[in-house]
Number of protein chains: 2
Amino acid sequence: MEPENDEKFVTALRRIALMGGLHDYVALSSRELGDMLDMSQQSASKRILELLDGKLIERDLGARRQRIRITSKGADMLRKEYIEYQKIFEMKDELVIKGTIVEGMGEGQYYVTQPGYMEQFVEKLGFKPYEGTLNVKLLSTEHHKLDTLRNGRTIDIKGFERNGRTFGDVHCIPASIQNVECAVVLPRRSHYEDVLEVVCKFHLRRTLGLEDGDQIEVRIRLNF
Amino acid sequence: MEPENDEKFVTALRRIALMGGLHDYVALSSRELGDMLDMSQQSASKRILELLDGKLIERDLGARRQRIRITSKGADMLRKEYIEYQKIFEMKDELVIKGTIVEGMGEGQYYVTQPGYMEQFVEKLGFKPYEGTLNVKLLSTEHHKLDTLRNGRTIDIKGFERNGRTFGDVHCIPASIQNVECAVVLPRRSHYEDVLEVVCKFHLRRTLGLEDGDQIEVRIRLNF
DNA sequence: ATTACTATATACCGAGTAA
DNA sequence: TTTACTCGGTATATAGTAA
């Protein structure tokens, strides 16, 4: 039983993040880090080497001062803890995400109407979706909330193959827009998407009178 | 230079908090805690003793299963980290608290007009307060935000004595209500108060046309 | 001033075990 | 079953120091 001691890494990462290391390289000597963490320069230097080894930070070792930034792997580690704290202190069961309506390119309709998905939507979401999706582009300030969603419970729609084409797994969460029940489809993590696709029993654009560019709030139910 | 290793304590506290230990005693054996923290039963037992020693948890050592809850000191430790994560991920510099206008009992006026306070208000807040306060009773869902405020920066007004009566320290934070600049006075922690007193250059009730029972939003500036 | 190696001191963990 | 002691092995920290 090895203790897998993430904690000492996260502590250092948090310090670096508070200096802005999530967004850009920050100049940070081992002595400064040591002071912040209440440890010696030597230990801080070692900690930095460990973080580098674990690909949690990247370093630009200049002649005088090294500059450090947090990798996406390191950011994930921090976010995971943040989400735990949110659970502890917020105990919220809904998350509101703001975004604007954008034009769909028809793929929504193409995917939703695939029988392989449609059957599962009906069974797992409890309604037969309208044959098309509403696309909501998230405001940039809301983007990080996708990670919160991905770390919570989701309704998982299994992928399938059809005519030699692969349709991947889809992860949904129940939601509502202006009190109309619906479900959001989480975008793939890898593509760094910022558009939520919303499936609904009704034609949301018509029902709610929405047009491209309108700003809306999607209320997502976390503990369904 | 002793490393003052809070981190291992916070990690255990977080685990306990996720089980509900902030709100009530939770049954938690040293083996279970050990499993959750990836450590042995022996080490978890030791960790529990350390947490007890540091008054971070309280324990009800029953015959079969011990029950543990987090003390207010332990909760503070967790909240402090939570606030760091909020800083990292939210980068917010204001906090909006909702509440309703309630009747003041005249104590606001009594206190504000004490010269010992008034002089400091003028000096440290930058305005001469109207001789009375607006009392805002927080919605119960907003109560926890007081702790966030208490952990951030405050403008501290020193207490004093006068005619044998003791006037305590007062902690203020700059804020605004409907774009009118003001400052909130944090209620004493010990009394578990849920009423914010708002001091302002103007008579807020008259200026904003507020009446008892009206719901308002107080925008509090965190990084003044 | 840096970073980071080596050697030594300290802290920590867990196996064995008692109550 | 519990909790928690002692003890020995190991991991971690720092002082001294090189580059």
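By convention in this document, chain letters (A, B, ...) are assigned in the order of the sequence lines, proteins followed by strands, and residues within each chain are numbered from 1. Note: hydrogens, waters and symmetry copies are ignored here, and every other heavy atom, side chains too, is used. All values reported here derive from a predicted model rather than from experimental measurement.
For the pair A:Glu50 CD and D:dA11 C1', the computed distance is 11 Å after rounding to whole Å. Computed from coordinates, the A:Asp60 CG to C:dT3 C1' distance equals 14 Å when rounded to whole Å. Between the CD atom of B:Gln66 and the C1' atom of C:dA19 there is a distance of 16 Å, given to the nearest Å. With rounding to whole Å, A:Asp35 atom CG is found 12 Å from C:dT3 atom P. Taking atom CG on A:Leu51 and atom C1' on C:dT3, their separation rounds to 15 Å, with Å as the unit. Nucleotide D:dT6 holds its C1' atom 12 Å from the NZ atom of B:Lys46, rounded to whole Å. Between B:Leu28 atom CG and D:dT2 atom C1' there is a gap of 13 Å when expressed in whole angstrom units. Protein atom CZ of A:Arg31 is 16 Å distant from nucleotide atom P of D:dA13, rounded to whole Å.
A cation-pi arrangement is present between B:Arg165 and B:Phe167, with the terminal nitrogen or guanidinium carbon under 6.0 Å from the aromatic centre and inside a 45° cone about the axis.
Contacts of A:Glu58 classified as side chain to side chain donor-acceptor pair (under 3.5 Å), with partners at least two apart in sequence or in another chain: A:Arg69. Under the side chain to side chain donor-acceptor pair (under 3.5 Å) criterion, B:Ser176 pairs with no residue, sequence neighbours left out.
Electrostatic pairing of B:Arg65 and B:Glu32 counts as a salt bridge here, judged by a charged N lying under 4.0 Å from a carboxylate O. B:Arg14 has a carboxylate O that lies under 4.0 Å from a charged side-chain N of A:Glu7, or vice versa, which qualifies the two as a salt bridge. Between A:Lys98 and A:Glu142, no side-chain nitrogen of the basic residue sits less than 4.0 Å from a carboxylate oxygen of the acidic one, so the salt-bridge criterion is not met.
Remark: B:Ser30 is in phosphate contact with D:dT3, judged by side-chain N or O atoms under 4.0 Å from OP1 or OP2. Residue A:Arg59 places at least one side-chain N or O closer than 4.0 Å to OP1 or OP2 of C:dA4. Phosphate proximity of C:dG14 to B:Ser43: present, with a side-chain N or O under 4.0 Å from OP1 or OP2. Taking side-chain N and O atoms only, A:Arg47 has a distance below 4.0 Å to OP1 or OP2 of D:dA13.
B:Asp156 and B:His171 share a donor-acceptor pair across their side chains, judged by distance under 3.5 Å alone.
Proximity of the aromatic rings of A:Phe127 and A:Phe121 is defined here by a centroid distance below 6.0 angstrom, and this criterion is not met.
Five base pairs at each end of the helix from C:dT2-D:dA19 to C:dA19-D:dT2 define two local axes, and these are offset by 40° (rounded to 10°).
Side-chain atoms of B:Leu49 lie closest to D:dC5 of the nucleotides D:dC5, D:dA13, C:dT3. In this structure, the nucleotide among D:dA15, C:dT17, D:dA13 sitting nearest to the side chain of A:Gln42 is D:dA15. For A:Ser40, taking side-chain heavy atoms from C-beta onward, the closest of the listed nucleotides D:dA4, C:dA4, D:dT14 is D:dT14. In the set D:dC5, D:dG16, D:dT3, the nucleotide with an atom closest to the side chain of B:Leu61 is D:dT3. Of the candidates D:dA13, C:dA4, C:dC12, D:dA13 carries the atom nearest the A:Met39 side chain, counting heavy atoms from C-beta on. Listed nucleotides D:dA4, C:dT3, C:dC12 differ in distance to B:Lys8; the shortest reach to its side chain belongs to C:dC12.
Note on B:Ile48: nothing from the nucleic acid sits closer than 4.0 angstrom, heavy atoms only. The residue A:Ser29 sits close only to the backbone: its heavy atoms come under 4.0 Å of sugar-phosphate atoms, none of a base.
No N or O donor and acceptor, one from the side chain of B:Gln41 and one from the base of C:dG14, sit under 3.5 Å apart.
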